[in-house]
J.: 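Starting off with a structure, shown below.
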Amino acid sequence: MALECGIAAHLVCERTLPAKTPADYHPPFPAYVARFPADLKNLVMAVMGAQHNNGKPTELNIARSKLTSFLDKGPVHCRPEYQQPSSLTDSSGAFNEVVVAYWRSKAHYTEWSAKSGFDHWWQGLDPQKEDHGWFLEVFFPRVDRFETVFSNSMVPEGAAHMRECVSGEIHEHVYWGSMRDRLPIAQTDTIEGVKADFEGGHEDSTKKRIRVPGRRNLTVIRSGQDWSNTTPVERKLYLETMHPVLIRGMDFLRDHGDEVGCISCRFMDVLDSQGGSGTEKTFGLAYFDDLSSLEGWSKHHQTHLDIFGGFLKYASKLQGDVSLRLFHEVLVLEADQQYLEYVGCHNKTGMLAAQ
Ligand code: HEM
């Protein structure tokens, strides 16, 4: 079967930077990408969170419901195309309720923010008076600064809810450098970031509103796992062999990310619509100072090598009949394509860790 190019035809241009695809390469298993309509020029991914510094609140989901109440307001045409609730307890012991939401353009997001009342509410938050923290991390990548890849062509995740269609099997995956080869902008741009300074970010921020400036070519990855569709045999194999290794990788990035240019890493449980955590879905959401830092961790660090190698063994044990669904989306952002603001959050929250 002929393999498709990971970059949509309308975003392909003459490369000044060669792809790393090996000669005569055929990937060992299939992967697919979302194809967006040609008139989709930029998209929006917003990470909206509430942070409870004293651990899990007794009344769960109230803060998250506040956030989602806005997502359901405003004119229908400018509401988010998709939203996913999730939660995590972070390394400071704070419980975070988070919604990741997607819009098809910055104009849609801006209109929603104004007309739903969200912007008015957000600007009015007073960190001295709130009894917990709030954070807003909004990314506005131009479409050539975004890529998403899936192990399964039937179930869309994240921004792929805005797809026109899903590709056939693609060529550029399962070799180091394939992520960059799928990013349209990397055809002609080395997209270098700015090395992060992890010395800052130590002052007490719990009673402050802090807007963190955008960084040149900040790299965001959301990498998801869904084992809800697996057979009992595969589920056991996943939970016993892959999940623990994945947690070790995510813990490393969270606690020692400064060694590899990772500014923030949150390993999140996806919640159901009632706020329950029994979904059998997780994702890692990590912010790197440079695409090459993310590439370096995935290619060289033992924690991702164990994840990667573990998966190849897992797939071979199942003789390729894998029902685990994996996806990731990667954004490489210009400084003005980021809005990062923290109200009453602790100083290791998201981008506060490296200002
Ligand atoms: C690449 C497995 C989680 C970051 C890959 C590849 C596999 C893999 C098989 C090569 C596939 C391809 O390029 O298409 C897994 C599995 C995971 C997992 C089984 C979880 C169960 C993660 C997480 C992150 C991550 C949580 C980061 C937060 C990357 C990156 C690449 C990659 C950046 C691309 C490297 C490149 O193209 O140069 N992973 N991974 N992975 N993975 Fe993972």
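Throughout, numbering of the chain's residues begins at 1 and tracks the sequence. Read the numbers this way: they start at 1 and go in the same order the structure lists the ligands and their atoms.
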J.: When the aromatic ring centroids of F29 and F311 are compared, is their separation below 6.0 Å?
T.: yes
J.: Is W297 close enough to touch ligand 1? Criterion: a residue heavy atom under 4.0 Å from a ligand atom.
T.: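 Under 4.0 Å: yes for W297.
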J.: What about the rings of F308 and W176, do their centers lie closer together than 6.0 Å?
T.: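 They qualify: ring centres under 6.0 Å apart.
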J.: Begin with the C-alpha distance, continue with both residues' side-chain angles, and end with the deciding distance and a verdict on side-chain hydrogen bond (donor to acceptor under 3.5 Å, both in side chains) for H108 and E81.
T.: CA-CA 10 Å; H108 282 82; E81 302 280 330; 5.7 Å; no
J.: Nearest protein heavy atom to atom 11 (C) of ligand 1, by residue and atom, and its distance?
T.: V174 N, 3.5 Å
J.: How far is atom 28 (C) of ligand 1 from its nearest protein heavy atom, and which residue and atom is that?
T.: I221 CG2, 3.7 Å
J.: Is a salt bridge present between E111 and K115, judged by a nitrogen-to-oxygen distance below 4.0 Å?
T.: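 Looking at E111 and K115, the cut-off is met.
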J.: Would D251 and R248 pass as an ion pair if we require N to O under 4.0 Å?
T.: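 Looking at D251 and R248, the cut-off is not met.
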J.: I'd like to check which ligand 1 atoms, numbered from 1 as shown, lie under 4.0 Å from a non-hydrogen atom of Y175.
T.: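 Reading through ligand 1 atom by atom, the close ones are 37 (O).
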J.: Please classify the Q225 to ligand 1 contact at 4.0 Å (heavy-atom distances, strictly less than): side chain, backbone, both or neither.
T.: side chain
J.: Parallel, tilted or perpendicular for F118 and W121, by the 30°/60° rule?
T.: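 The rings of F118 and W121 sit tilted, inter-plane angle from 30° to 60°.
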J.: When the ring planes of W103 and W112 are compared, do they come out parallel, tilted or perpendicular, using 30° and 60° as the limits?
T.: tilted
J.: What about H301 and F252, are their ring centers closer than 6.0 Å?
T.: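 Between H301 and F252, the centre distance is under 6.0 Å.
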J.: Which protein heavy atom lies closest to atom 13 (O) of ligand 1, and at what distance to 0.1 Å?
T.: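 Of the protein heavy atoms, S178 OG, 3.0 Å lies nearest.
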J.: Using the side chain to side chain donor-acceptor pair (under 3.5 Å) criterion, which residues pair with D144? Sequence neighbours excluded.
T.: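 If we apply the side chain to side chain donor-acceptor pair (under 3.5 Å) test to D144, skipping adjacent residues, the hits are R142.
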J.: Evaluate the ring planes of H243 and F267, with Trp represented by its six-membered ring, and classify them as parallel (under 30°), tilted (30 to 60°) or perpendicular (over 60°).
T.: tilted
J.: Among all protein heavy atoms in this structure, tell me which lies nearest to atom 14 (O) of ligand 1, with the distance rounded to 0.1 Å.
T.: H173 CB, 2.9 Å
J.: Check for me whether G177 has a heavy atom closer than 4.0 Å to any atom of ligand 1.
T.: yes
J.: Distance under 4.0 Å to a non-hydrogen atom of M250: what atoms of ligand 1 satisfy this?
T.: 26 (C), 28 (C)
J.: Any Lys/Arg nitrogen of R182 or E172 sitting under 4.0 Å from an Asp/Glu carboxylate oxygen of the other?
T.: no
J.: Got the closest protein heavy atom to atom 37 (O) of ligand 1, with its distance?
T.: M179 N, 2.8 Å
J.: So what's near atom 43 (Fe) of ligand 1, protein N, O or S atoms under 2.8 Å?
T.: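 Checking every protein N, O and S atom gives H304 NE2.
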J.: Counting each atom of ligand 1 from 1 as listed, which ones have a heavy atom of L294 under 4.0 Å away?
T.: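 By the 4.0 Å cutoff, the relevant atoms are 33 (C).
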J.: With backbone taken as N, CA, C and O and side chain as the heavy atoms from C-beta onward, which portion of K299 lies under 4.0 Å from ligand 1: side chain, backbone, both, or neither?
T.: neither
J.: Evaluate E334 against R216 for salt bridge (charged side-chain N to carboxylate O under 4.0 Å, His left out), listing each step before the verdict.
T.: CA-CA 5 Å; E334 306 251 32; R216 177 159 52 87; over 6 Å; no
